[in-house]
Amino acid sequence: MKRVSRCGRLRVGVLALAVLVLAASSMVLAGNVENIRLWAAPDHSRLVFDLTSPTSAEVFRLDNPSRMVIDLGNSSMEADPGKLDLSGSAISALRSGVRQGTDLRVVLELSREVRPRHFILPPNEQYGHRLVVDLEYPGESAVTDPIDPIEALVREQEIAAVRAQAEASIEGSSSTPTVQATKAAKPHPRRDIIIAIDAGHGGEDPGAIGPSGTYEKDVVLQMAKHLQRLVDGTQGFKAVMIRDSDYYVGLRQRTHIARDQKADFFISIHADAFDSPRPHGSSVYALSQRGATSETAQWLAASENRSDLIGGVDGNLSLRDKDEVLRGVLLDLTMTATLNDSLTIGGQVLERMGRVNDLHKPRVEQAGFVVLKSPDIPSLLVETGFISNPQEERQLRDGNYQQRMMAAVFDGVRAHFQRNPPPSSLLAWQRDQGRGTGSGEYRIQPGDTLSEIAARHSVSVSQIRQANELNGDVIRVGQVLRIPGS
Ligand SMILES: [Zn+2]
């Protein structure tokens with residue numbers, strides 16, 4: 001999608017530049033605008049100016065009416081701003097004009113309040129010098145359909161309980177947890193299990209490109225939407241889209257959104273590529289903290305992690321990553337548990353994907369993918385096929401194949417959560433509806449406390465907690481407890 005204007009004016013511009021540089025070596029280089037691209041995300045608009053050379057820009061705001069001014073010293077406009085599709089962005093009109101004879105002024109008329117930031121990016125394999133202007137929308141969510149705040153709170157409590165448990169076990173006090181066993185049972189929430197769906201790449205980052213010109217970013221977005229429909233159409237599940245149209249999201253930002261939306265599971269959808277057309281098949285990847293399981297896995301992780309360089313992240317994003325400070329033993333412990341879940345789900349998913357397409361690797365591979373580094377969300381990356389293989393490129397474009405591939409993925413995920421539903425989920429509640437009458441089982445009644453239940457069954461609180469893998473001090477009405485030794 002890289003449109004470069006090669007008109008006569010450009011050559012004149014370059015010649016003029018050469019003369020100017022000779023005349024005054026201290027003068028800032030001219031950064032003629034060759035092309036303008038715009039990406040509209042739910043929480044920001046990104047305007048990218050393709051420049052002939054690096055140039056400094058001044059970006060400031062003017063009010064009444066609300067507009068942004070971008071001044072580029074010693075530059076000219078080679079692109080046609082009128083061709084830019086502004087729909088879905090914060091920009092209602094874009095004008096440009098010459099200022100002080102040699103400077104370029106671009107004025108954006110705005111339809112909403114924005115917080116601007118801008119940065120210059122050096123050339124990469126896709127683009128040359130770029131000025132990136134991000135117009136962020138204060139208070140706006142990065143996703144179009146954020147989860148219910150009450151459900152988020154319930155999930156937050158669940159995560160906190162797991163953390164507290166991990167902390168207690170580090171301090172060696174796991175046998176005498178500091179929980180109150182005298183709290184009365186609470187109503188059983190029936191929250192949805194949140195599946196964060198991450199379509200890889202997007203915006204300036206096309207991902208891999210197939211032999212007949214198919215962009216990875218496009219087919220994976222189509223597949224993500226198939227998956228979204230499957231998830232949202234299943235009772236007890238809800239999808240959260242990390243991106244839902246063509247814009248770039250930084251790799252760290254992707255895991256942030258998932259955490260922000262209290263995801264139970266994160267799945268990143270990709271299509272593989274190789275130098276030769278021969279390799280084919282689908283594969284499933286989980287994170288490795290220690291090193292890649294194979295050279296291919298390592299190579300692939302390096303290539304997927306390069307996305308931020310192409311997609312354009314200015315490197316400051318990690319500063320927002322407060323949770324990243326959470327390190328050491330606790331992190332390791334949480335990570336291990338999460339990774340075990342990832343591998344289990346990965347196995348389920350891989351098996352089902354194998355019924356739709358050949359498998360490139362017969363087991364779940366592991367490598368250091370940045371996008372999979374959430375300490376407490378099981379995460380997988382699926383390579384749905386090789387876009388560099390002509391036959392698989394055709395398949396990846398095919399709606400029917402996309403649908404079947406995503407059905408296989410969701411089948412694997414659902415199988416896992418049906419077997420291991422999070423305690424506060426609708427699935428956990430449903431599972432317990434058919435239980436609780438047999439021997440060795442007890443269904444929690446309103447007003448029950450854990451210590452009372454323990455006393456009534458002549459077992460200790462910690463025995464019950466252990467037998468039911470209870471985290472924290474919350475018990476739920478309707479929840480079924482296994483009573484040990486009875
Ligand atoms: Zn990819």
Side-chain angles (χ1 to χ4, degrees), residues 1 39 124-127 196-227 241-255 257-258 266-277 279-288 292-313 342 346 349-350 353 357 359-361 364-374 379-389 392-393 395-397 401-402 405-406 409:
M1 225 191 275
W39 315 102
N124 61 34
E125 53 205 79
Q126 307 284 342
Y127 297 106
I197 303 172
D198 175 43
H201 312 277
E204 306 98 288
D205 172 19
I209 301 173
S212 36
T214 309
Y215 284 177
E216 178 186 355
K217 69 169 182 177
D218 294 332
V219 291
V220 298
L221 180 61
Q222 287 157 9
M223 281 191 269
K225 287 180 175 174
H226 281 294
L227 185 56
M241 299 291 272
I242 301 297
R243 73 172 175 99
D244 65 355
S245 66
D246 191 12
Y247 52 88
Y248 186 73
V249 182
L251 295 178
R252 294 275 181 196
Q253 177 71 3
R254 291 173 196 246
T255 61
I257 295 172
F266 176 93
I267 184 145
S268 192
I269 305 168
H270 289 258
D272 230 329
F274 200 66
D275 295 341
S276 94
H280 70 282
S282 311
S283 17
V284 175
Y285 291 86
L287 180 69
S288 164
T293 42
S294 70
E295 215 166 299
T296 327
Q298 190 180 13
W299 182 85
L300 186 74
S303 99
E304 296 293 6
N305 292 347
R306 227 174 32 228
S307 264
D308 273 353
L309 297 176
I310 300 162
V313 170
S342 302
V349 168
L350 189 73
M353 281 172 88
N357 192 26
L359 293 178
H360 185 63
K361 296 273 183 183
V364 180
E365 293 280 294
Q366 287 181 261
F369 292 95
V370 171
V371 82
L372 300 182
K373 286 184 180 171
S374 287
S379 305
L380 289 177
L381 185 146
V382 293
E383 294 283 352
T384 48
F386 273 81
I387 205 167
S388 48
N389 175 291
E392 291 201 348
E393 180 190 26
Q395 283 183 332
L396 288 167
R397 300 173 67 116
Y401 177 85
Q402 294 176 343
M405 187 50 88
M406 290 302 109
V409 167

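When reading the values below, keep in mind they use all heavy atoms of this one structure, side chains included, and skip hydrogens, waters and symmetry mates. Atoms within a ligand are numbered from 1 in the order they appear, just like the ligands themselves.
Separation of atoms CD1 (I209) and OG1 (T214) is listed at 10.0 Å; rounding is to 0.5 Å. With rounding to the nearest 0.5 Å, the separation of CD in E216 from CG in D205 is 8.0 Å. Rounding to the nearest 0.5 angstrom, the gap separating the CD atom in Q298 from the OG atom in S303 is 12.0 Å.
Figure legend: R397 and Y215 shown without cation-pi pairing, the cationic atom not lying both under 6.0 angstrom from the six-membered ring centre and within 45 degrees of its axis.
Ordered by chain and number, H201 NE2, E216 OE2, H270 ND1, E304 OE1, E304 OE2 make up the set of protein N, O or S atoms under 2.8 Å of the Zn ion (ligand 1).
Annotation for N389 and P277: closest pair ND2-O, 3.1 Å, computed over non-hydrogen atoms. Among all heavy-atom pairs drawn from S283 and H360, the shortest one is OG-CB, 3.9 Å.
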